[in-house]
Amino acid sequence: PRGATRVNGRGLTLLPGLIDCHVHLCWRGEADVVKATERETPTETLLKASLSAGQTLEAGVTTVRDVGSRDHSIFALKKAIDKGLTPGPRIIGAGLAICMIGGHLRRVIAQEVEGVEQVRQVVREQIDAGAEVIKVIASGGVLTPGTSPDQAQMTLEELRAAVDEAKQAGRKVAAHAHGASGMKNAIRAGVHSIEHATLMDEEAAELFEKHGVYMVPTLSALATTGACRHGCGIPDDALEKAKSMTKRHQSSFKQAHRRRLLIAMGTDAGTPFNHHGDNAQELERMVALGMSPMEAMIASTSAAARLIGIDGQVGTIAQGKEADLLLIEGNPLRKIDLLRDKRRLVGVMKAGRFVAGPLSHSH
C-alpha cells in the first residue's frame, strides 16, 4: 500500500506472533501463588497482571488465553491494552474459573457452584462480565491442598450445562483436567480443550480423537514445580503431587503426539517459578519430547488460533489478517531455543505496529 514502511528483513526469520493458550497473568511465578493472592489487595493483583502482560508481549507472545484470574479485573486490563494505555498481548480471558463446592482453586481464581441451574447462571454472569472463554475445573489439582489430581470434579450434567450455556453465547469451554476420569467427563460434555491432560489413558485418547478436542499440555507447569527442592517455598503437598506426576505427564504428551491428537501450546505461566516472558520454554519442552520444531511452531501459532477461534484474524502470515509478526535473528526451525533469547527478537509486531524489540524504537 502507498505510504507503507519497508522493513529490510534480509537474513532474518519472519513468523507469526506466538499464542499461549494457558496463562494466569495475576500470578507472578511465586513459590506459593495461593498465599500471594490471599495477601494482596485486588489493585495490587491488577498491577502485577499488567506487568506480566508487558513481559509476555516483549517475549514475542502476541495473544494469550487467560484461563483463571482472581476477579474480573482481567477484562479491565484487556480494555486498557486494547486502548493502548499499557503494553500487552491480545487477551482472551475467562475471568474466574468455575469449580464444584470444595473444588480446585476455590476462593483463589475459581468460584464454587452446585447444580445445573447455578452452573448456567454463573456462566451467564461470566459472559456478562466480559468472558470470551469459559474455564471449568473437571479434576482436582496440584496447588490446592486436599484435592487429588486424579479425582474427577463437577458432574457430567454440570459440565454439559456449562458447555450448553457457553455455546449459546458463542463461547468455547476449556476444562482443567489432570486425571483420565475428569478428561472423559469433560470431553463427553463437549468442551473444546483439555488443559494439562496429565494422566491420559487409552480411552481418554480415543475420546480426544473422536471429538476433535485439543490438548493444551502445559508441560512447563509441572516441570518447573517438580524441579524444585523441599524448602524452596512451594507447599510440600503441591511439590509431592508435581514430582509424582511429571513422568506420567511427559508420556501422555508423547502418546498424544504419536496419535496425532490436536495440540495447542500453553504454559500455565504464573504458576510456581513458571515466569511470564519465558513462554517459549514450552516449545523447547515439546521438541524435547518428540515434536519437530515446525510442529511446535504450528501448535503455538495456527493451531492455537484455531482452538481459540481467532484463526480468521491471526496465527498465520496471510494477506488480510492482522499483522501479528515476529522478526528473529537466526532460524528457530533449526534451533528452537532461539525463541527464548530476547536479544534475537529484532521486532515484535502486534496488529501492524512494532511494539517490542529494536525495530519498535525506529518505527
Checklist entry - Would you say the side chains of Thr86 and Ser50 form a donor-acceptor pair under 3.5 Å? => result yes
Item to check | Residues Asp66, Lys78: salt bridge by 4.0 Å N-O rule | outcome: no
Checklist entry - Salt bridge or not for Arg260 and Glu209, using N-O below 4.0 Å? => result no
Item to check | Side-chain H-bond candidate by donor/acceptor type, Gln121 with Glu165, under 3.5 Å | outcome: no
Checklist entry - Once the angle between the rings of His178 and His196 is folded into 0 to 90°, is it parallel (under 30°), tilted (30 to 60°) or perpendicular (over 60°)? => result parallel
Checklist entry - Without hydrogens or angle criteria, can the side chains of Arg285 and Ser220 be said to hold a donor-acceptor pair below 3.5 Å? => result yes
Next on the checklist: Students often mix this up, so state it plainly: with edges at 30° and 60°, are the rings of His257 and Phe253 parallel, tilted or perpendicular?
Outcome noted: parallel
Item to check | Side-chain donor-acceptor pair present, Asp337, Gln281, cut-off under 3.5 Å | outcome: no
Checklist entry - Between Arg124 and Gln168, do the side chains contain an N or O donor and an N or O acceptor separated by less than 3.5 Å? => result no
Next on the checklist: Under the side-chain contact (heavy atoms from CB on, under 4.5 Å) test against Leu77, which residue among Leu47, Leu85, Ile91 passes?
Outcome noted: Ile91
Checklist entry - Is it the case that more than 12 heavy atoms not belonging to Arg259 sit under 6.0 Å from its CZ atom? => result yes
Next on the checklist: Rounded to the nearest 0.5 Å, what separates atom CG in Leu18 from atom CE in Met265?
Outcome noted: 5.5 Å
Checklist entry - If you draw a 6.0 Å radius around CD in Glu114, do more than 12 non-hydrogen atoms from other residues or ligands fall strictly inside? => result no
Checklist entry - Side chains of Thr144 and Arg106: do they bring a donor and an acceptor to under 3.5 Å? => result no
Checklist entry - Would you call Arg343-Glu329 a salt bridge at under 4.0 Å N-O? => result no
Item to check | Sidechain N-carboxylate O distance under 4.0 Å for Glu157, Arg188 | outcome: no
Checklist entry - Going by atom types only, do Thr45 and Arg70 share a side-chain donor-acceptor pair under 3.5 Å? => result yes
Checklist entry - In Å, rounded to the nearest 0.5 Å, how long is the span from CD1 of Ile187 to CD of Glu203? => result 9.5 Å
Checklist entry - Out of curiosity, Asp324 CG to Thr301 OG1, how far, rounded to the nearest 0.5 Å? => result 11.5 Å
Item to check | Salt-bridge criterion met for Glu132 and Lys172 (N-O under 4.0 Å) | outcome: no
Next on the checklist: Working to the nearest 0.5 angstrom, can you tell me the gap between Arg353 CZ and Leu359 CG?
Outcome noted: 13.5 Å
Checklist entry - Hey, is Glu195 close enough to Arg65 for a salt bridge, meaning N to O under 4.0 Å? => result yes
Item to check | Salt-bridge criterion met for Arg160 and Asp164 (N-O under 4.0 Å) | outcome: no
Item to check | Check: Asp20 side chain, Thr267 main-chain N or O, donor-acceptor pair, under 3.5 Å | outcome: yes
Next on the checklist: Tell me if a side-chain donor or acceptor on His276 pairs with a main-chain N or O of Trp27 at a distance below 3.5 Å.
Outcome noted: yes
Checklist entry - Any side-chain donor-acceptor pair under 3.5 Å between His22 and Thr218? => result no
Checklist entry - Does a salt bridge link Lys48 with Glu30, judged by any charged N lying under 4.0 Å from a carboxylate O? => result yes
Item to check | N-O pairing of Asp341 and Arg344 below 4.0 Å | outcome: yes
